[in-house]
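In listed order, ligands and their atoms are each counted from 1. Note that these values count all heavy atoms, side chains included, but never hydrogens, waters or copies made by symmetry.
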Amino acid sequence: MHPASGTRVLASSAPPLSADPNERAWVEIDGGALLRNLERVREAAAPGAKLIPMVKSDAYGIGVRRAVATLQRARPFGFGVATVAEGAELRRMGVREPVVILCPVPPSTLATAVQAGLVPCVSDLSALAALREAAAAAPGPVPFQIEVDTGMGRAGFCLHERSGWWEAVAAAARGNLRLFGVFTHLHSADEPDLASARRQVERFDEFAAWVRQAPEAQEDMLFHCSNSAGALRLRSVAENAVRPGIFLYGGCSFEAPVRPEPVVALQARIALVRDVPEGTTAGYGATYRASGRERWATVAAGYGDGLPRSLGNKGAALVAGGTARIVGRVSMNAVVLRLGADVPATVTAGDVVTFVGGDSGSETSLERVAEAAGTIGYEILTGLSPKLPRTWLES
Ligand SMILES: *Cc1c(COP(=O)(O)O)cnc(C)c1O
């Protein structure tokens, strides 16, 4: 691009509200841990499996730009995204590795995918036709993947009706498309009982063996079915690539031979500490009442920042190595904590509390917070407000 026409004003002309990103509430990200978690997946997955880290939803909320730059140091095969816009963003960032789209996208966005040099996936014949049309003007064959449905039920060609669609896929692969890979998605690889996930893997392996013998099959075609849990807990015969996401970002709700290092910390500062008399109520709806004299801290973070409202009267935070329970409902930008007996009396306004992550040797894990909030680690991470400053550490 011509430098002049490519020049864009990145910063808004208004002065930033604060020069200090750690003034109020922030997200701390450990880039070293992110990288080591990817290496752990590499070691646990099938030997030689290509790595396709998933960086959808702004790399699970941590910030895709830094996440990709960090993950590139492990030389992954490519990156996985959910949408065409996410893939195009990676290209604008200068990513040269293959970028594969792994969620179904509206056919109207396929032309953009082709222009951006992404690898779209198709799950039915009408999407295949739309892709062929979008690829008509491309200089060479356009790579694409097919998804097959082994039980997830949200996308994928039906394996039982293979005869109804395979010939069209093969014809496209002989025409202006190139069959880059075949994949499926596991619905229960993170459940305690792996029986259904194993059945999905078997169905996938059976189909993959059949595809490998087709004349349209290429030597370097990708076959993949594993998310984080699959890569760590299951073994597919056909698979030559894996698509880990949550484990890289420190999430692991399942039993696995290795654990991830924590990557994300959510912290905020105390705005006010005070002793309250018995009967004082906390927050909207007055859903908590002090049962005696209690020490409360009001913290400058709320659901508008990504601290789930469902943590009201349920969640907790670490404060100077001690524990403080959330009392009352979480407000948009504030929450009240009851400081426990193990919180030093010296804690005061300006001190830091940790909702997710480590503090003085204690740790409150993403999974624990998710459980208290009645959700999953994925939702906690992707719910962190993009407005919260992200501070990157390289441990
Ligand atoms: C999100 C996603 C993954 C990664 O799953 P994790 O559970 O985060 O490891 C892999 N494949 C597909 C198709 C996905 O949508």
Under 4.0 Å from one or more heavy atoms of Leu102, ligand 1 contributes atoms 13 (C)
For the residue pair Phe157 and Trp165, categorise the inter-ring angle as parallel (less than 30°), tilted (30 to 60°) or perpendicular (more than 60°). parallel
Cation over ring face, Arg269 and Trp26, 6.0 Å, 45°: no
Which residue holds the protein heavy atom closest to atom 1 (C) of ligand 1, what is that atom called, and what is the gap in Å? Lys56 NZ, 1.4 Å
So is Arg154 close enough to ligand 1, meaning a heavy atom under 4.0 angstrom away? yes
Quick one: does Arg325's side chain have a donor or acceptor within less than 3.5 Å of a partner on Lys314's backbone? yes
Which residue and heavy atom of the protein sit nearest atom 12 (C) of ligand 1, plus the separation: His185 CE1, 3.2 Å
Presence of salt bridge, Arg162 and Glu206, under 4.0 angstrom: yes
Ligand-side contact atoms (ligand 1) for residue partner Asn227, heavy atom cut-off under 4.0 Å: 4 (C), 5 (O), 6 (P), 7 (O), 9 (O), 10 (C)
Is the closest N or O pair between Ile246 and ligand 1 shorter than 3.5 Å? yes
Protein contact of atom 11 (N) of ligand 1 - nearest heavy atom, named by residue and atom, plus distance: Arg243 NE, 2.8 Å
Under 4.0 Å, heavy atoms only, figure out whether ligand 1 is touched by the backbone of Tyr378, its side chain, both or neither. side chain
Carboxylate-amine/guanidinium proximity below 4.0 Å for Arg92 and Glu89: yes
The residue among Glu147, Gln145, His185 that forms side-chain contact (heavy atoms from CB on, under 4.5 Å) with Leu102 is Gln145
Name the option, out of Tyr249, Tyr60, Phe183, that contains the heavy atom nearest to atom 8 (O) of ligand 1. Tyr60
If we number the atoms of ligand 1 from 1 as shown, the ones under 4.0 Å from a heavy atom of Ser228 are 6 (P), 9 (O)
Please work out which of the three classes, parallel, tilted or perpendicular, describes the rings of Phe207 and Trp166, given edges at 30° and 60°. perpendicular
